[in-house]
Trainee: 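Below: one structure in structure tokens.
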2 protein chains.
Amino acid sequence: MSLAQIRYFVAVAEEGHVGRAARKLHIAQPPVSRHIRSLEDELGSALFARTPRGMKLLPAGEVFLDHARKILAAVEQATRALRHT
Amino acid sequence: MSLAQIRYFVAVAEEGHVGRAARKLHIAQPPVSRHIRSLEDELGSALFARTPRGMKLLPAGEVFLDHARKILAAVEQATRALRHT
DNA sequence: CGGATCCAATACCGTTTCGATCTGACCGGG
DNA sequence: CCCGGTCAGATCGAAACGGTATTGGATCCG
């Protein structure tokens with residue numbers, strides 16, 4: 001699991017679409033798809049339901065989204081703490 | 001910044017030596033050296049004082065160590081939360 | 001002194017990972 | 001039907017990564 005994967009996951013969860021998340025992240029769509037897939041593989045549980053209209057968070061995804069945001073917040077806080085030393 | 005870098009940093013901080021941290025992490029010493037350096041570059045402040053006896057945490061390093069542990073704990077908690085879904 | 005020792009840092013190389021582009025598969029709306 | 005929108009797979013060039021070998025610097029000891 002990488003921080004990039006976590007950021008991609010949060011973006012997809014928030015946008016509801018891999019493509020829109022990709023645009024927001026300024027990268028192409030397939031890499032986002034792959035990262036989400038590999039994240040699910042690593043965690044051992046599906047996080048999204050794939051529908052023709054986009055990606056819908058599953059219960060496991062909701063749980064992980066909460067933790068993911070905490071991780072990213074902790075990272076941001078860490079960098080901010082050193083910004084003025 | 002990557003989770004691997006954060007793990008390497010914590011290991012070096014705990015061991016006090018790049019080499020020992022590397023052994024603990026089951027990787028070679030140079031990669032650890034490089035990751036620490038690039039982490040410092042990215043954060044814009046030195047985290048360790050290089051001494052002939054090893055690496056000694058600077059004040060900025062102590063601050064970051066605290067945050068680093070929180071990040072890793074959050075990651076562990078995230079994976080644990082999905083272990084049983 | 002001077003060589004041995006113990007560190008981290010650098011150079012270089014092969015492998016792996018990553019992202020971009022192109023393409024395919026699937027479903028819903030007109 | 002076919003068309004628009006969406007995700008997934010294949011392929012390729014570029015970047016990152018880790019390993020080995022080596023260098024550089026500072027201390028210790030004979």
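Computed over heavy atoms, backbone and side chain alike; hydrogens, waters and symmetry mates excluded. Numbers restart at 1 for each chain; the letters A, B, ... are given by sequence-line order, proteins then strands.
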Trainee: Does dA8(D) have its OP1 or OP2 closer than 4.0 Å to a side-chain nitrogen or oxygen of Arg37(A)?
Mentor: yes
Trainee: Please tell me whether Leu25(B) and Val10(B) are part of a single hydrophobic cluster in this structure, the criterion being side-chain heavy atoms less than 4.5 Å apart.
Mentor: yes
Trainee: Once you round it to whole Å, what is the distance between P of dC7(D) and CD of Glu15(A)?
Mentor: 11 Å
Trainee: Atom CG of Leu25(A) to atom C1' of dA20(C): distance rounded to whole Å?
Mentor: 15 Å
Trainee: Could you state the CZ-P distance from Phe48(A) to dT6(D), rounded to the nearest angstrom?
Mentor: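 Whole-Å distance recorded here is 15 Å.
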Trainee: Any chance you could list the contact pattern along nucleotides 18-26 of chain D? Use B for base contacts, S for sugar-phosphate-only contacts and - for none, protein heavy atoms under 4.0 Å, 5' to 3'.
Mentor: BBBB----S
Trainee: Check whether any side-chain heavy atom of Tyr8(A) sits under 4.5 Å from a side-chain heavy atom of Ile27(A), and report yes or no.
Mentor: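 Result yes, sub-4.5 Å side-chain heavy-atom pair found.
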Trainee: Should the pair Glu14(B)-Arg69(B) be classified as a salt bridge under the 4.0 Å nitrogen-to-oxygen rule?
Mentor: yes
Trainee: dC7(D) phosphate, OP1 or OP2: any side-chain N/O from Ser33(A) under 4.0 angstrom?
Mentor: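 No.
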Trainee: Compile the donor-acceptor pairs under 3.5 Å between side chains in residues 29-40 of chain A and protein atoms, sequence neighbours left out, one pair per line.
Mentor:
unit_1   : atom_1 : unit_2   : atom_2 : d
Ser38(A) : OG     : Gln5(A)  : NE2    : 2.5
Ser38(A) : OG     : His35(A) : O      : 3.3
Glu40(A) : OE1    : Arg50(A) : NH1    : 3.1
Glu40(A) : OE1    : Arg50(A) : NH2    : 2.9
Glu40(A) : OE2    : Leu47(A) : N      : 2.8
Glu40(A) : OE2    : Phe48(A) : N      : 3.2
Glu40(A) : OE2    : Arg50(A) : NH1    : 2.9

Trainee: Between Glu42(A) (CD) and dT17(C) (P), how many Å, whole number?
Mentor: 13 Å
Trainee: Rounded off to whole Å, could you give me the CG-to-P distance for the Leu3(B) and dA16(D) pair?
Mentor: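 Rounded to the whole Å, the gap is 17 Å.
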Trainee: Is any side-chain heavy atom of Gln77(B) closer than 4.5 Å to a side-chain heavy atom of Ile71(A)?
Mentor: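 No, side chains not in contact.
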Trainee: Flag the pair Arg23(B) and Glu15(B) as a salt bridge only when some basic side-chain nitrogen lies within less than 4.0 angstrom of an acidic carboxylate oxygen.
Mentor: no
Trainee: Without decimals, in angstroms, what is the distance between Ile36(A) CD1 and dG9(D) C1'?
Mentor: 16 Å
Trainee: Sequence neighbours left out, what pairs pass ring pair (Phe, Tyr, Trp, His ring centres under 6.0 Å) with at least one residue falling in residues 55-76 of chain A?
Mentor: Phe9(A)-Phe64(A)
Trainee: Could you state the CZ-P distance from Phe9(B) to dA8(C), rounded to the nearest angstrom?
Mentor: 15 Å
Trainee: From the list dG28(C), dA8(C), dC7(D), which nucleotide is the closest neighbour of the side chain of His17(A)?
Mentor: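 The closest nucleotide is dC7(D).
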Trainee: Tell me: CG of Asp41(B) to P of dT10(C), nearest whole Å?
Mentor: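 The distance from CG of Asp41(B) to P of dT10(C) comes to 10 Å, rounded to the nearest Å.
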